[in-house]
Q: 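Structure in structure tokens, see below.
Below, chains carry the letters A, B, ... as their sequence lines are ordered, and counting in each starts from 1. Both backbone and side-chain heavy atoms feed into the values below; hydrogens, waters and symmetry mates do not.
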Amino acid sequence: MGRYIVQRIIYMIVTMFVIVALTFFSMKLLPGTPYKNQEKLSPEMIELLNHKYGLDKPLPVQFVKYVGDLLKGDLGVSFQFDGRPVTEIIGERLPVSADLGFEAMVIGLVFGLLLGIIAGLRRNTVWDYGSMIVAVIGVSVPSFVLAQLMQYYFAVKHHWLPVAYWEGPAYHILPDIALGFGPVATIARYMRTAMVDTLNQDYIEMARAKGLSRPAVTFKHAVRNSLIPIVTIVGPMAVNLMTGVLVIENIFAIPGIGDQFVTSVYTNDYPMIMGTTIMYSVAFIVVVFIVDLLYGVIDPRIRLAGGES
Amino acid sequence: MENILEIKDLHVSFDTYGGEVQAVRGVNLELKKGETLAIVGESGSGKSVTSKTIMRLLPKPAARIKSGEIWFNGKDLTKLSEKEMQKIRGSEISMIFQDPMTSLNPTMSIGKQIMEGLRKHQKLGKQEALQRAIELLDLVGIPNPEARVKQYPHQFSGGMRQRVVIAIALACNPKVLIADEPTTALDVTIQAQILDLMKDLQNKMQTSIILITHDLGVVANMAQRVAVMYGGKIVETGTVDEIFYRPKHPYTWGLLSSMPRLHSKTDELLAIPGTPPDLSNPPKGCPFAPRCPHAMKVCVEYMPDYTTLSETQKTACWLLDERAPKVEPPEIIAVGGAGK
């Protein structure tokens with residue numbers, strides 16, 4: 001097991017390096033400069049500014065310097081917010097996105113699994129069709145449509161909930177639901193399929209033949225085995241949600257990282273683009289790694305395959 | 001001897017998109033205390049459905065018991081609620097499934113899988129149940145049971161897994177054990193070991209066994225009585241000797257003739273031509289008539305009644321009617337007996 005983890009960590013470092021390199025060089029292909037009002041700047045002034053930020057040196061030199069700083073934990077200074085380190089901006093914005101994403105993920109897991117389990121158990125009944133209608137709506141209605149419908153109904157029309165901003169528990173409700181509805185639908189559909197498949201297995205019949213009650217068969221035997229495919233989709237889904245979902249953050253005026261990322265691309269804020277990409281990639285790679293370890297917890301066949309090799 | 005289980009005129013149907021499939025059409029059976037009754041027949045004859053009906057493990061709502069009674073311990077199992085049935089399953093009537101590779105939960109240690117039934121039916125605590133699970137593993141011949149009890153199914157070979165399945169089935173000393181093709185999925189060398197184990201445990205525990213199989217070698221090795229099923233009906237029943245040496249039903253002849261033999265005169269593997277009847281549209285008469293070399297007009301029109309040939313042997317065939325022509329069984333059975 002130890003050897004497996006070390007091996008995986010080495011792969012993760014290599015993957016990170018490739019991502020950093022690809023992002024760095026492709027980012028430099030973006031047209032324009034990082035400077036505001038660049039059409040008013042003379043070529044000489046641009047040259048001066050480029051020199052100040054080290055952008056006049058050849059790309060490989062810039063890259064080596066960037067990686068060197070990165071290894072020291074320095075992500076550089078943002079161009080948009082002059083003088084503010086990228087780490088500080090991320091540190092301010094990421095917790096908001098993570099909070100929103102985490103809450104949406106909890107909604108997705110709780111209701112998604114519940115709907116999926118019910119639909120799988122009561123296959124081809126009203127329960128099943130009802131759950132799957134919810135799932136189809138969740139997959140096909142874009143989150144921004146849902147968000148705006150809810151804003152209109154719950155905030156503008158009835159004044160039950162605040163329409164935007166991120167200032168207290170009541171402010172979380174609408175964005176959480178808007179963001180969590182898609183995951184509810186996706187998880188419900190995967191869970192239903194997995195449950196139907198598991199319930200047809202011989203060991204379920206065997207569990208029933210032991211005289212176990214229906215809840216015992218369902219939860220001890222069927223649900224656990226059905227979770228294996230769910231773990232696969234839930235990991236990346238969680239990263240996506242927690243590292244900022246641009247549209248929802250925009251609609252509800254939430255100061256998260258997703259909003260920030262897009263602005264950085266518009267303004268060629270190179271250090272911010274790099275910093276956000278690196279943060280996103282690290283989160284993604286770590287989650288995929290955790291998912292792989294989780295497999296072992298859920299499925300003993302995988303645990304031993306990794307452990308004994 | 002006393003009957004422990006009695007099935008009376010059981011009819012079971014499946015509702016499918018293509019209409020009603022009458023899988024079991026009027027089965028009568030009794031199981032005596034301590035005996036092994038084999039139910040033989042080809043795929044689709046209704047033998048597995050019959051056994052699952054006893055356990056009330058038929059898929060709902062597709063399958064339903066149309067009529068009939070299953071008497072066990074003074075209770076009609078067909079009338080029990082799901083809750084009452086759960087008390088009987090695994091404690092008084094148990095089942096061994098066909099494929100040990102798929103009948104154990106891959107994500108649960110085998111110890112836990114054995115303990116589940118013990119904790120439910122005998123209300124044992126965790127430690128007692130674990131102790132009993134280790135004893136059971138030892139009883140079914142798994143070496144080093146203390147260590148093995150914590151392991152998972154994928155760490156066991158097929159034969160060892162079937163021993164675990166047997167340990168689970170016998171955990172609560174059931175009165176009746178239903179074994180649905182318990183050796184079909186195993187290597188030939190392992191088959192004999194598992195059958196010996198089952199016989200040995202049956203002697204120790206005085207369990208009655210219903211053995212579902214299409215392997216007549218297994219029948220000869222294990223059973224005292226045999227019921228031959230075809231097209232959802234029992235066409236012939238008798239003791240092992242009667243079925244192997246004095247079979248009267250042409251389907252039984254066909255089954256026995258299609259058994260490969262060491263000293264047969266031909267190299268040919270005999271088969272019964274044709275296919276089993278479509279039970280969504282079951283024949284009026286004898287279900288075997290279309291494949292029967294001796295079929296008469298009456299066979300197609302009317303189902304024959306049982307002819308009682310001895311205290312133990314009953315056969316449903318028009319050939320046994322006094323007006324029917326005399327037909328000799330195929331040479332292969334008449335000479336020296338089958339299965340020897």
Q: Taking B:P106, B:S109, B:G90 one by one, which has the highest count of heavy-atom pairs under 4.5 Å against chain A?
A: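 The option with the most such pairs is B:P106.
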Q: If you count heavy-atom pairs under 4.5 Å between each of B:T102, B:I178, B:T107, B:I88 and chain A, which one has the most?
A: B:T107
Q: Of the non-hydrogen atoms in A:V245 and A:N240, which two are nearest, and what is the gap between them?
A: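 Minimum heavy-atom contact is CG2-O, 3.6 Å.
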Q: Given a strict heavy-atom distance threshold of 4.5 Å, which part of B:K52 is in contact with chain A: side chain, backbone, both, or neither?
A: side chain
Q: For chain A, which candidate among B:G117, B:S103, B:A171 shows the most heavy-atom pairs at distances under 4.5 Å?
A: B:S103
Q: Salt bridge check, A:E205 against A:R208: does any charged N sit closer than 4.0 Å to a carboxylate O?
A: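 So A:R208 does not pair with A:E205 through a salt bridge.
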Q: Is A:I228 close to chain B through its backbone or its side chain, or both, or neither, when contacts mean heavy atoms under 4.5 Å?
A: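 Interface part for A:I228: side chain.
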Q: Below 4.5 Å from any heavy atom of chain A, which atoms of B:Q113 appear? Answer side chain, backbone, both or neither.
A: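 Backbone plus side chain of B:Q113, per the 4.5 Å heavy-atom cut-off to chain A.
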Q: If the test is side chain to side chain donor-acceptor pair (under 3.5 Å), which one of A:R224, A:H221, A:K220, A:Q201 qualifies with B:N105?
A: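 With B:N105 as partner, A:R224, A:H221, A:K220, A:Q201 yield a single side chain to side chain donor-acceptor pair (under 3.5 Å), made by A:H221.
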Q: Which heavy atom of B:R56 sits nearest to which heavy atom of B:L80, and what is that distance?
A: NH1-O, 2.8 Å
Q: With a 4.5 Å cut-off on heavy-atom pairs, point out which of B:E116, B:M95, B:M55, B:M85 contacts chain A the most.
A: B:E116
Q: Please give me the minimum heavy-atom distance between B:M108 and B:P153, naming the atom from each residue.
A: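 So the minimum-distance heavy-atom pair works out to O-CD, 3.4 Å.
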Q: Quiz question: by atom type and distance under 3.5 Å, do the side chains of B:Q86 and B:R89 form a donor-acceptor pair?
A: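 There is no such pair (donor and acceptor under 3.5 Å, judged by atom type) between the side chains of B:Q86 and B:R89.
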Q: Relative to chain A, which segment of B:L57 carries a heavy atom at a distance below 4.5 Å: side chain, backbone, both, or neither?
A: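 When you check distances to chain A, atoms from both the backbone and side chain of B:L57 fall under 4.5 Å.
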